[in-house]
Amino acid sequence: MNRIFSMRLLVSLSLALLLGLTQPTAFAAGQDAEATASAEPAVPDPLKRETPRSMVSGLLGALGQSDYDRTALYFDLPPATSSRQRTNAVEQARAFHAVLDDGGTLDTFITLSNDPNGKVSDDLPVDQERVGEIAIQDKKIPVLLTKGQDGEHQVWRVSRETLAQITAATKRAPVVTEPAADQVVVAGAPLKDWALLLGLGVLVFGGLWMLSALIVFCMRKLVPDPEANGLYRFFEAALPPVSLLLAVWVFYNWAEQLPVSIVARQTLLRYTGIVSVIALVWFGLRLVDAISELAIARMQRSQRRQVISVITLARRAAKVILLAFSGIAILSTFGIDVTTGIAALGIGGIALALGAQKTVENLVGSVTVIADRPMQVGDFIKVGDVVGTVEDVGIRSTRIRTNERTVVTIPNGDLSARQIENYAARDRFLFNPVIAIAYGNSSAKLKEAITIVQQVLAEEKNMAEGHRARLGSISERAFNIEVFSHIDVHEFDTQVIIREKLLLTIFERLEAADISLAFPTQTIVFSPSQLEAVRGGPAANGDAADVDETAKAVTPALPAPPVVWTDATPPPRT
């Protein structure tokens, strides 16, 4: 008892010591976390000027609402402490809006840097960023952003140098800073500007689409076999999305030359990037389909069916990758930062692998099945109790069409770990019948029968070398001639015909030689008591010798299956 008490006391003291040591550490860690949290800014910049991309987006939003007081906050100007300074800032914002509408361009949303440090690869200082250009008469003024401190935030604003050049240029060539009174403004831009830009886009895309359709139609008429022609398939897949890409490029260059509202122009150009991504993905998907269909057709003609599964899996993987990248690009166009999400995939991948073990197992199994190639699409196989033809080897599972015309789906993870018997991989078919010669034939007839079987095998041109026919055994009912040979063909239907021909020829020649085949028979010997039971009583009219002779008599052969009568089981009375 003392020893047990001492052990419990020791464990209690150890736990108390560990708790005492960990509590100060946890308290210190909590203090460090609070200190780190207090060092960070409480809230982000309300005007979203942390990066060049968000700054330009916020600037366009302010211009679209004609909120020039807020627009002036995107300029690198000293704080307005008087009404005169605020008025000058508003006038500069109006002038900036006017020159952008008249001949200014800004970089598209997707090309602007979304990094708080801007583009470090350009030749500008680290605190400057070029985001566009303004043309006033023959002078080109670059739109520069400068990075500076605004309260607690590091923000990007239009530089004083750009504002000074715009002010000097507008004094020499004044611009209209107020929209016409009769203009209908929609979403921060005149309705006529929206109509002009949208009409230009429809005209360019429609014209190029009709041109691509005409080229494909002419090629189809000129090419002898369009479906098998690789050049035609490439142009048929490429021209529609390429026409869309060309339309985007033409629209982008023409839209910059039009004197329309910067808000309408930049908004459409921003979402034109989405159209470009869609066109590229569309082009990739059509090209993948065209190449894979052409390759599958060639593999089918050359009977290389094992490559078809690889092509099918590669096509699906390529489509998934294209769609994933397009989703990332579209989200980035909408201003959603996917960098953090992509980085989190490394950590989330572990949790995904743990939660989707079967899915990962099936994916690895599909790679194993395609790489190891135990079967091909179109093969007749047996997997466990499933017998049928392979219809498709997918990323997750394999589909087998059974003889009952049902479809059995087997996960590739299970399939790769099971025994697969591939009947289609046979290079020849076994011909191994046992020919039973009846006991009524003499030894000479038996030798003649063996010779006949050997001659039939030798005369068949589709038999593989090394065939043989020998007397294999003498069973209770017949002399068994065992045949071991192979039919040297690859097609199942062909070997069925040859097998039937061989068996019929053997039977015809044995019949012509008066050699009878054996059939299931059985000889039954009755004891005297069983004979009396069959006859209905003792053999009063006969003597003992007759009974003994009758007991040794051989009964006629009974058809199979025979019934064996013994002393233990006497026959029924008749």
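All of these numbers come straight from a predicted model, not from anything done at the bench.
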**OP:** Evaluate the criterion side-chain hydrogen bond (donor to acceptor under 3.5 Å, both in side chains) for residue pair Ser54 and Ser57; output intermediate values, then yes/no.
**Re:** CA-CA 5 Å; Ser54 62; Ser57 180; over 6 Å; no

Original post:
Are Phe205 and Phe251 close enough, and set up right, to give a side-chain contact (heavy atoms from CB on, under 4.5 Å), and what steps lead you there?
Top reply: CA-CA 9 Å; Phe205 176 70; Phe251 176 79; over 6 Å; no

Subject >> Verdict with supporting geometry, Asn441 and Leu446, side-chain contact (heavy atoms from CB on, under 4.5 Å) >> reply: CA-CA 7 Å; Asn441 297 285; Leu446 180 58; 5.7 Å; no

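The pair Arg401-Glu391 counts as a salt bridge, with a side-chain nitrogen and a carboxylate oxygen less than 4.0 angstrom apart. We find that Arg468 and Glu482 are not joined by a salt bridge, their nearest charged nitrogen and carboxylate oxygen being 4.0 Å or further apart. Using a cutoff of 4.0 Å between basic side-chain nitrogens and carboxylate oxygens, Arg509 and Glu448 are not scored as salt-bridged. A salt bridge links Asp289 with Lys319: at least one charged nitrogen is closer than 4.0 Å to a carboxylate oxygen. A salt bridge links Arg316 with Asp392: at least one charged nitrogen is closer than 4.0 Å to a carboxylate oxygen.
Side-chain atoms of Asp414 do not come within 3.5 Å of backbone N or O of Pro411 as any donor-acceptor pair. Proximity of a side-chain donor or acceptor of Asn403 to a complementary backbone N or O of Val387 within less than 3.5 Å is not detected. Side-chain N or O atoms of Asp379 include none that pairs as donor or acceptor with a backbone N or O of Ile381 at under 3.5 Å. A donor-acceptor pair is defined here as one N or O able to donate and one able to accept, closer than 3.5 Å; such a pair exists between the side chain of Ser243 and the backbone of Leu239. Side-chain atoms of Arg418 do not come within 3.5 Å of backbone N or O of Leu415 as any donor-acceptor pair. When atom types are taken as modelled, the side chain of Thr505 and the backbone of Lys501 share a donor-acceptor pair closer than 3.5 angstrom. Between the side chain of Lys445 and the backbone N or O of Ser516 there is no donor-acceptor pair closer than 3.5 Å. No side-chain donor-acceptor contact under 3.5 Å links Ser473 to the backbone of Ser475.
Put simply, CZ on Phe380 and CG on Asn422 are 10.5 Å apart, with the number rounded to the nearest 0.5 Å. Taking CD1 of Ile437 as the reference point, atom CD1 of Ile450 lies at 8.5 Å (rounded to 0.5 Å). In this structure, CG on Asp107 lies 8.0 Å from CD on Gln266, to the nearest 0.5 angstrom. Here the straight-line distance linking atom CE of Met463 with atom CG of Asp488 works out to 9.0 Å at 0.5 Å rounding. Remark: Ser212 OG to Phe217 CZ distance equals 14.0 Å, nearest 0.5 Å. In this structure, the separation between CD1 on Ile515 and CD1 on Ile506 is 12.0 Å, given to the nearest 0.5 Å.
For the pair Leu457 and Ala469, the tightest heavy-atom approach, listed with the atom from each and the gap, is CD1-CB, 4.2 Å. Residue Val369 comes nearest to Ser416 through the heavy atom pair CG2-CB, 4.0 Å, listed as atom of the first residue, atom of the second, then distance. The minimum heavy-atom distance between His467 and Ser485, with the atom names listed, is CB-CB, 3.3 Å. Nearest approach of Arg499 to Leu430, heavy atoms of both residues: NH2-O, 2.7 Å. The two atoms that bring Ala436 and Ala478 nearest to each other are CB-CB, 3.7 Å, heavy atoms only. Taking every heavy atom of both residues into account, Leu208 and Ala247 meet most closely at CD1-N, 3.4 Å.
The aromatic rings of Trp282 and Trp209 lie parallel to each other, with less than 30° between the two planes, well short of the 60° mark. Between His486 and Phe484, the ring planes lie perpendicular to each other; the angle is over 60°, past the 30° to 60° tilted range.
Side-chain contact between Ile291 and Leu287: present, with at least one pair of heavy atoms (C-beta onward) separated by less than 4.5 Å. Between Leu268 and Leu198, some side-chain heavy-atom pair lies under the 4.5 Å cut-off. Side-chain contact check for Leu245 versus Val275: every heavy-atom pair is 4.5 Å or farther apart.
Checking Val408, Ile420, Val390, Thr398 one by one against Val383, the side chain to side chain contact (heavy atoms under 4.5 Å, CB included) holds for a single residue, Ile420.
The local environment of CZ in Phe507 is sparse, with at most 12 non-hydrogen atoms from other residues, nucleotides or ligands closer than 6.0 Å. Remark: Tyr423 OH is packed, more than 12 non-hydrogen atoms of other residues, nucleotides or ligands lying under 6.0 Å away. The neighbour count for Asp427 CG, taken as heavy atoms of other residues, nucleotides or ligands under 6.0 Å away, is above 12. Around atom CD of Gln419, no more than 12 heavy atoms belonging to other residues, nucleotides or ligands sit under 6.0 Å away.
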